[in-house]
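Right, one structure below, let's go through it.
Just so it is clear, the structure is predicted and the values come from calculations on it, not from any experiment. In what follows, chains carry the letters A, B, and so on, assigned in the order in which the sequence lines appear, proteins first and then strands, with residues in each chain numbered from 1.
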There are 2 protein chains.
Amino acid sequence: MQDVADAAGVSVGTVSNVLNHPAKVSPATAERVREAISRLGFVRNDAARSLVSGSTNSIGMVLADIENSLFIDMAHGAQDAARAVGQNLLLANTACDMTLQDNYLDLFDESRVTGVLLAPMEDSSAGIARIRSHGRQVVLLNYSPKPGTCCSVLVNNEHVGYLAARHLIDSGRTRLAYVAAHDDYQPVRDRRRGVRAAVEEAGPGVTLEEIDSGGLTTPYGHAVGQDLARRAPADLPDGLMVVTDELANAIIHELHAVAGIRVPDQVAVVGCENNRAAGAAAVPLTAVDMPGRMMGREAIRLLMDEVASGEQHRHATVVLEPELIVRASAPRSGVGVGTSSDRSRGAQS
Amino acid sequence: MQDVADAAGVSVGTVSNVLNHPAKVSPATAERVREAISRLGFVRNDAARSLVSGSTNSIGMVLADIENSLFIDMAHGAQDAARAVGQNLLLANTACDMTLQDNYLDLFDESRVTGVLLAPMEDSSAGIARIRSHGRQVVLLNYSPKPGTCCSVLVNNEHVGYLAARHLIDSGRTRLAYVAAHDDYQPVRDRRRGVRAAVEEAGPGVTLEEIDSGGLTTPYGHAVGQDLARRAPADLPDGLMVVTDELANAIIHELHAVAGIRVPDQVAVVGCENNRAAGAAAVPLTAVDMPGRMMGREAIRLLMDEVASGEQHRHATVVLEPELIVRASAPRSGVGVGTSSDRSRGAQS
DNA sequence: TAAGTGGATTGATGCGCTTCAATCGGTCGG
DNA sequence: CCGACCGATTGAAGCGCATCAATCCACTTA
């Protein structure tokens, strides 16, 4: 910077002003300085910058699973919103590894980012408490915080489960089954509650079987599908709620393509999340949509609110409502392929 | 830090040593300092740290499209490799926006990251030149650099196209069509060359039609599918190479599910990239696999090499070979659903 | 002509840390 | 008992920048 100042025949203070408060500098001088900057290839040192100012204009976003399109959507929404308020969004993928997650939280903490968005897959209250105790703001995504510890953006996951079950009930299915795993993952727990509520509400005419898939990935889905396919037709549920799109697609694949069980005629299937793959699958998947983009945007809003209001901030939780997207795997009518109200994912707001 | 020093009854130098060179400090003192650190909730300031050292241990990775699973795979591989050498990987998504890409390149440049991994969708030589001129290292992913300007990790995209075409030819298809768009995107250009080479090699018995889809996303694929479906059966190609999985799946959907054209019987389809969705689609897609994880790992290796060897570094290009994954949309035999050699994506190294 | 005015510019200060030469205190050999 | 030696510890210097009180300069007003 001194070099630039020398080259332009000004002081370092003026160079700094050109960079940060152009209005304070006369146009001619500013031009001279800018010329020197580009001639010398000067790059201002962000470390020194944020050392002085005590902050940066970056927001860190820690994602548990970057392979999941819901998380990608959240990142997308957050990115847009962050940009709009002049912040950069830095992404970090923990691949569901809590050690890595703590690493990244600490990294962002040490980097004095403006704030952190965290979309975890496990309880992370320890990490949150740690960096919050240093005065760093955190907004939790798709995971309820311990009450009063931070802001959060959630989807009404109970309603996700409810919508899935309700849709099947409304379309005339009576022998329902709910396939899930990882009840330690909060959204999964919530969805189960919603499923049960809908079934109870329907009265004794509707039965619910709960199937533990053991895991949320495709192989587990295949296994569940095979188990189901081996059953006597009379023992087969006629409506399947599946906790995850990925799992649902895997199950459908076994049922439909491998075992020749007709979906949705014999078994209707509803998934949750409305992932990228949902609409493109062999049997397009009826799924409860999670508004990922909006969640990301809301999270940034909450974060910036908190940063701006300082002491008098009150933590808030934004709960967004899910929406059912009806496709072929569980049409509106009881049997057969109903009208496709397939809303393109690309049109998502 | 002074506070910690006071609390522990030592000097700041000792506190710093506890954090950075524990061996230099007596165990008793170290313990006392650590206790003070956690009691006071001290977090060392990364900005000051890297101001002194002039570097960080973070690597920035700029991705053109985080929605594309190839890019996600590259990020995954890079993350693993970066961790192994004690570096943090920070991700940035440009959503194909060159302005944003430049923003992030500059941000990483100003942050004095160890180096930058860039997976662009357009020529980015200006940005690369800019930050390289500041001495910052860049490795380009899936895009050829201007010769001699930086290291890069590529896939032999010409061979991608060749493998796709060759597979169709070998399975007896003779009226081929190649669907692509965005020839300004280098990998696309390369694939076309490979397709043409394979067709020429096959001699006059095989014809090639080149179809411009106008874009690479699902809606464009639907349009192409509809156009094809309207043709007289005799005018229909019997083998389709499609530049992208997403496009391929969309085309198959139109052809197969909507228009009732049998895939692969009437038209066999081969995609490129072997995305997440490839294996799960209605008609599982035969695709040429791009080794994303390995690309990410190699990129980190090249970057760390370059950082380590300083002046005497010579730029290198690593070209990885693609591999054909045969699924139902274009089985090995000429007609009908061949044996599924569906390699689970999850098993990818 | 002197005092006043305000925009442009200066440069010393300090942000929080790492480093390293200097110092301290204790131990060992002679 | 003295000097040499060594590990542990100290604390000042400086990393590159933003800030802001102080200064400068050109111009206006009385």
Side-chain angles (χ1 to χ4, degrees), chain A residues 1-37 40-58 86 106-114 131 134-136, chain B residues 1-37 40-58 86 106-114 131 134-136:
Chain A
M1 194 147 160
Q2 186 63 60
D3 295 344
V4 173
D6 293 348
V10 297
S11 73
V12 290
T14 300
V15 176
S16 174
N17 279 335
V18 170
L19 258 21
N20 301 300
H21 308 283
K24 287 189 176 179
V25 182
S26 74
T29 310
E31 190 42 49
R32 205 148 26 93
V33 170
R34 269 190 277 268
E35 186 275 334
I37 287 178
L40 299 180
F42 167 78
V43 181
R44 79 172 177 255
N45 186 323
D46 203 47
R49 218 167 124 67
S50 63
L51 177 56
V52 173
S53 70
S55 68
T56 64
N57 38 234
S58 295
D106 290 344
L107 175 67
F108 285 138
D109 193 11
E110 292 178 6
S111 304
R112 304 289 192 268
V113 293
T114 306
I131 75 175
H134 307 148
R136 199 143 318 280
Chain B
M1 194 149 161
Q2 187 63 60
D3 295 345
V4 173
D6 292 347
V10 298
S11 73
V12 290
T14 300
V15 175
S16 174
N17 279 335
V18 170
L19 257 22
N20 302 300
H21 310 281
K24 288 189 176 179
V25 182
S26 73
T29 310
E31 190 42 48
R32 208 148 26 91
V33 171
R34 268 191 276 269
E35 186 275 334
I37 287 179
L40 298 181
F42 167 77
V43 180
R44 79 169 171 240
N45 186 323
D46 204 46
R49 217 167 125 68
S50 63
L51 176 56
V52 174
S53 69
S55 69
T56 65
N57 38 234
S58 296
D106 290 344
L107 175 66
F108 285 138
D109 193 11
E110 292 177 6
S111 304
R112 305 288 192 266
V113 293
T114 306
I131 74 175
H134 306 149
R136 198 145 317 282

Original post:
Within the structure shown, what part of the strands sits under 4.0 Å from V43(A) by heavy-atom distance: base, sugar-phosphate, or nothing?
Top reply: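 Sugar-phosphate, backbone atoms only, no base.
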**OP:** Quick one: label T29(A) by what it contacts on the DNA or RNA (base, sugar-phosphate, nothing), any heavy atom closer than 4.0 Å.
**Re:**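 Sugar-phosphate, no base atom in range.
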**OP:** For S53(A), check side chain to side chain donor-acceptor pair (under 3.5 Å) against everything at least two apart and list the hits.
**Re:**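 With sequence neighbours excluded, S53(A) shows a side chain to side chain donor-acceptor pair (under 3.5 Å) to no residue whatsoever.
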Original post:
In chain order, what residues pass the side chain to side chain donor-acceptor pair (under 3.5 Å) check against N45(A), with sequence neighbours excluded?
Top reply: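 Scan of N45(A) (side chain to side chain donor-acceptor pair (under 3.5 Å), adjacent residues dropped) gives none.
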Subject >> S11(B) side chain vs A5(B) backbone, donor-acceptor pair below 3.5 Å >> reply: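 Checking the backbone N and O of A5(B) against the side chain of S11(B), no donor-acceptor pair under 3.5 Å is found.
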Taking atom [atom1] of [X] and atom [atom2] of [Y], what is their separation to the nearest 0.5 Å?
X      : Y      : atom1 : atom2 : value
I37(A) : R32(A) : CD1   : CZ    : 12.5 Å
S50(B) : L51(A) : OG    : CG    : 9.0 Å
E35(B) : L40(B) : CD    : CG    : 8.0 Å

Original post:
Which pair of non-hydrogen atoms, one from D109(A) and one from R136(A), has the smallest distance, and what is that distance?
Top reply: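 Distance-wise, the nearest heavy atoms are OD1-NE, 2.8 Å.
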**OP:** Would you work out how much the helix from dT1(C)-dA30(D) to dG30(C)-dC1(D) bends between its ends, with each end axis defined by five base pairs, to 10 degrees?
**Re:**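 The helix from dT1(C)-dA30(D) to dG30(C)-dC1(D) shows an end-to-end axis angle of 60°.
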Distance check needed: [N] [atom2] versus [X] [atom1], whole Å only.
X       : N       : atom1 : atom2 : result
D3(A)   : dG16(D) : CG    : P     : 10 Å
I37(A)  : dG16(D) : CD1   : C1'   : 14 Å
Q2(B)   : dC17(C) : CD    : P     : 10 Å
L51(B)  : dA13(D) : CG    : C1'   : 13 Å
N45(A)  : dG16(D) : CG    : C1'   : 6 Å
E110(A) : dG16(C) : CD    : P     : 15 Å

Restricting to nitrogen or oxygen on both sides, can you table the protein-nucleotides 18-22 of chain C pairs closer than 3.5 Å?
unit_1: dT18(C); atom_1: OP1; unit_2: N20(B); atom_2: OD1; d: 3.4
unit_1: dT18(C); atom_1: OP1; unit_2: N20(B); atom_2: ND2; d: 2.8
unit_1: dT18(C); atom_1: OP1; unit_2: R49(B); atom_2: NH1; d: 2.9
unit_1: dT18(C); atom_1: OP2; unit_2: S16(B); atom_2: OG; d: 2.9
unit_1: dT18(C); atom_1: OP2; unit_2: N20(B); atom_2: ND2; d: 3.4
unit_1: dT19(C); atom_1: OP2; unit_2: H21(B); atom_2: NE2; d: 3.0

**OP:** Return no unless some side-chain N or O of S26(B) is found under 4.0 Å from OP1 or OP2 of dT9(D).
**Re:**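 Checking S26(B) against dT9(D): at least one side-chain N or O falls below 4.0 Å of OP1 or OP2.
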Original post:
When you check the phosphate oxygens OP1 and OP2 of dG11(D), does a side-chain N or O of S11(B) lie under 4.0 Å from one of them?
Top reply: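 Checking dG11(D) against S11(B), no side-chain N or O comes under 4.0 Å of OP1 or OP2.
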Original post:
For N57(B), what residues pass the side chain to side chain contact (heavy atoms under 4.5 Å, CB included) criterion, not counting sequence neighbours?
Top reply: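 With neighbours one apart ignored, the set is Q87(B), N88(B).
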**OP:** Only pairs at least two apart or in different chains count here, so list each salt bridge (charged side-chain N to carboxylate O under 4.0 Å, His left out) that has a residue in residues 40-56 of chain B.
**Re:**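 As it turns out, the salt bridge (charged side-chain N to carboxylate O under 4.0 Å, His left out) pairs with a partner in residues 40-56 of chain B, which skip direct neighbours, are E110(A)-R44(B), D46(B)-R49(B).
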